[in-house]
Amino acid sequence: MGKITVENCEKNGIEIEGLKVITPTVFGDARGYFMETYNKNDMTEAGIPYEFVQDNQSASKKGVLRGLHFQKEFPQDKLVRVIKGEVFDVAVDLREGSKTFGMWYGVRLSEENKKQFFIPKNFAHGFIVLSDYAEFCYKCTDFYHPNDEGGLLWNDPDIGVEWPLPDGMTEDELTLSDKDRVWGGIKAYREERGI
């Protein structure tokens with residue numbers, strides 16, 4: 001019991017090292033279903049041997065876009081999943097010296113597919129809610145430090161995330177926080193970091 005399937009993430013035929021999509025084994029019958037959402041032994045075997053210290057959960061309505069966020073000095077590995085609804089989840093590689101620096105990868109996470117997305121330290125992360133409502137859960141390997149948050153502009157053309165829009169919505173109708181509307185792009189990030 002508890003075995004998982006793990007896929008490495010590729011963009012344009014190039015693997016973005018460290019990113020993983022995890023599909024748990026689901027045991028279903030007339031009563032409903034059972035699955036392990038986290039098993040340290042299975043995760044370690046899958047190349048995710050990290051200790052998670054904080055669990056978070058958020059609820060968002062259709063068209064909410066959260067991201068692209070990261071912590072500057074206290075980066076976190078994250079294991080994310082959706083327990084209600086559907087989102088398109090995105091990670092952008094910000095690892096200095098990485099051959100895939102600035103590349104993004106996205107995956108649909110939903111209560112139906114029960115997939116999880118592992119995002120290593122030094123990636124920016126965000127998601128858009130595609131269903132009427134979504135509940136999003138994530139485990140982190142470091143605590144949240146409120147004065148340490150950074151971000152990238154969600155629609156920076158130099159990153160080029162291809163965000164799917166919820167049915168019947170335009171980009172102008174998306175709901176973003178004030179901060180998420182004004183983050184700089186990847187060029188500004190490089191300048192700030194001197195890379």
Side-chain angles (χ1 to χ4, degrees), residues 8-11 14-22 38 40 43-44 46-60 64-82 87-107 109 116-129 134-163 171 174-195:
N8 293 326
C9 302
E10 290 185 5
K11 183 84 176 168
I14 301 169
E15 181 181 337
I16 302 178
E17 189 178 329
L19 284 182
K20 297 179 187 298
V21 175
I22 299 150
Y38 177 78
K40 185 172 177 59
M43 290 294 176
T44 299
I48 305 170
Y50 306 107
E51 179 183 352
F52 295 98
V53 298
Q54 182 173 320
D55 282 9
N56 302 320
Q57 184 167 333
S58 68
S60 305
V64 167
L65 193 150
R66 296 180 185 265
L68 297 159
H69 303 149
F70 56 88
Q71 288 199 165
K72 298 176 189 175
E73 303 303 322
F74 300 95
Q76 303 166 311
D77 304 283
K78 295 178 181 173
L79 182 62
V80 305
R81 66 190 179 101
V82 168
V87 309
F88 183 71
D89 200 74
V90 171
V92 179
D93 190 351
L94 296 179
R95 296 171 297 180
E96 190 173 340
S98 168
K99 67 180 182 182
T100 55
F101 180 90
M103 287 181 68
W104 67 274
Y105 185 85
V107 60
L109 304 176
Q116 298 182 46
F117 192 25
F118 176 73
I119 303 151
K121 287 181 173 76
N122 300 311
F123 275 73
H125 171 253
F127 63 88
I128 186 171
V129 178
E135 291 184 23
F136 188 87
C137 297
Y138 51 109
K139 303 177 90 56
C140 303
T141 57
D142 201 347
F143 300 103
Y144 172 68
H145 298 269
N147 298 320
D148 193 44
E149 60 184 3
L152 294 173
L153 189 61
W154 68 279
N155 60 353
D156 178 13
D158 292 318
I159 299 171
V161 175
E162 296 167 11
W163 296 100
E171 280 191 9
L174 298 178
T175 304
L176 290 94
S177 71
D178 290 341
K179 283 191 284 192
D180 287 347
R181 291 182 185 281
V182 298
W183 295 118
I186 194 92
K187 285 180 182 169
Y189 176 87
R190 280 182 181 274
E191 289 171 11
E192 183 182 316
R193 294 278 171 146
I195 54 177

**Request:** Report the residues that fulfil side chain to side chain contact (heavy atoms under 4.5 Å, CB included) with E96, sequence neighbours left out, ordered by chain and then residue number.
**Result:** I195
Return the [atom1] to [atom2] distance between [X] and [Y], rounded to the nearest 0.5 Å.
{"X": "K20", "Y": "I119", "atom1": "NZ", "atom2": "CD1", "value": "13.0 Å"}
{"X": "E10", "Y": "M103", "atom1": "CD", "atom2": "CE", "value": "9.5 Å"}
{"X": "C137", "Y": "Q57", "atom1": "SG", "atom2": "CD", "value": "4.0 Å"}
{"X": "Y38", "Y": "I48", "atom1": "OH", "atom2": "CD1", "value": "8.5 Å"}
{"X": "N155", "Y": "R181", "atom1": "CG", "atom2": "CZ", "value": "10.0 Å"}
{"X": "D89", "Y": "L109", "atom1": "CG", "atom2": "CG", "value": "5.0 Å"}

Does the plane of the ring in [X] sit parallel, tilted or perpendicular to the ring in [Y]? Use 30° and 60° as the thresholds.
{"X": "H125", "Y": "Y138", "value": "tilted"}
{"X": "Y189", "Y": "F70", "value": "perpendicular"}
{"X": "Y50", "Y": "F118", "value": "parallel"}

**Asked** Who passes side chain to side chain donor-acceptor pair (under 3.5 Å) against E51, sequence neighbours left out?
**Response** none
**Prompt:** Which residues satisfy the side chain to side chain donor-acceptor pair (under 3.5 Å) test with D55, sequence neighbours excluded?
**Reply:** K139
**Asked** Do other residues, nucleotides or ligands put more than 12 heavy atoms under 6.0 Å from K11 NZ?
**Response**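 Yes, NZ of K11 has more than 12 neighbouring heavy atoms, counting only those of other groups under 6.0 Å.
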**Prompt:** Quick check: are there more than 12 heavy atoms from other residues, nucleotides or ligands sitting under 6.0 Å from CD of E15?
**Reply:**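 Enclosed.
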Minimum-distance pair of heavy atoms, taken over all atoms of [X] and [Y]:
{"X": "V129", "Y": "A134", "result": "CG1-CB, 3.7 Å"}
{"X": "V182", "Y": "L153", "result": "N-CD1, 4.4 Å"}
{"X": "S98", "Y": "D93", "result": "OG-OD2, 2.6 Å"}
{"X": "Y105", "Y": "V21", "result": "CE2-CG2, 4.2 Å"}
{"X": "P120", "Y": "D77", "result": "CA-OD1, 3.4 Å"}

**Request:** Start with the C-alpha gap between W163 and F88, add the side-chain angles, then the distance that decides, and say whether side chain to side chain contact (heavy atoms under 4.5 Å, CB included) holds.
**Result:** CA-CA 8 Å; W163 296 100; F88 183 71; 4.1 Å; yes
**Prompt:** Are D156 and L68 close enough, and set up right, to give a side chain to side chain contact (heavy atoms under 4.5 Å, CB included), and what steps lead you there?
**Reply:** CA-CA 10 Å; D156 178 13; L68 297 159; over 6 Å; no
**Message:** Test your reading of the model: is there a side-chain donor-acceptor pair from W104 to the backbone of G160, 3.5 Å cut-off?
**Reply:**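 Yes, because the side chain of W104 sits within donor-acceptor range (under 3.5 Å) of the backbone of G160.
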**Any donor-acceptor pair under 3.5 Å from D148 side chain to F74 backbone** = yes
**Message:** Would E17 and R95 count as a salt bridge (charged side-chain N to carboxylate O under 4.0 Å, His left out) here? Give the steps.
**Reply:** CA-CA 10 Å; E17 189 178 329; R95 296 171 297 180; 5.5 Å; no
**Request:** Please check if any side-chain donor atom of Y144 sits under 3.5 Å from a side-chain acceptor atom of Q76, or the reverse.
**Result:** no
**Request:** Could you walk me through whether V90 and I128 pass side chain to side chain contact (heavy atoms under 4.5 Å, CB included), step by step?
**Result:** CA-CA 9 Å; V90 171; I128 186 171; over 6 Å; no
**Prompt:** Given side chains that start at C-beta, do those of W154 and V161 come closer than 4.5 Å, heavy atoms only?
**Reply:** no
**Message:** Before you tell me yes or no, could you show the steps for K179 and E149 under side chain to side chain contact (heavy atoms under 4.5 Å, CB included), namely the whole-Å CA-CA distance, both residues' side-chain angles and the distance that decides it to 0.1 Å?
**Reply:** CA-CA 11 Å; K179 283 191 284 192; E149 60 184 3; 2.3 Å; yes
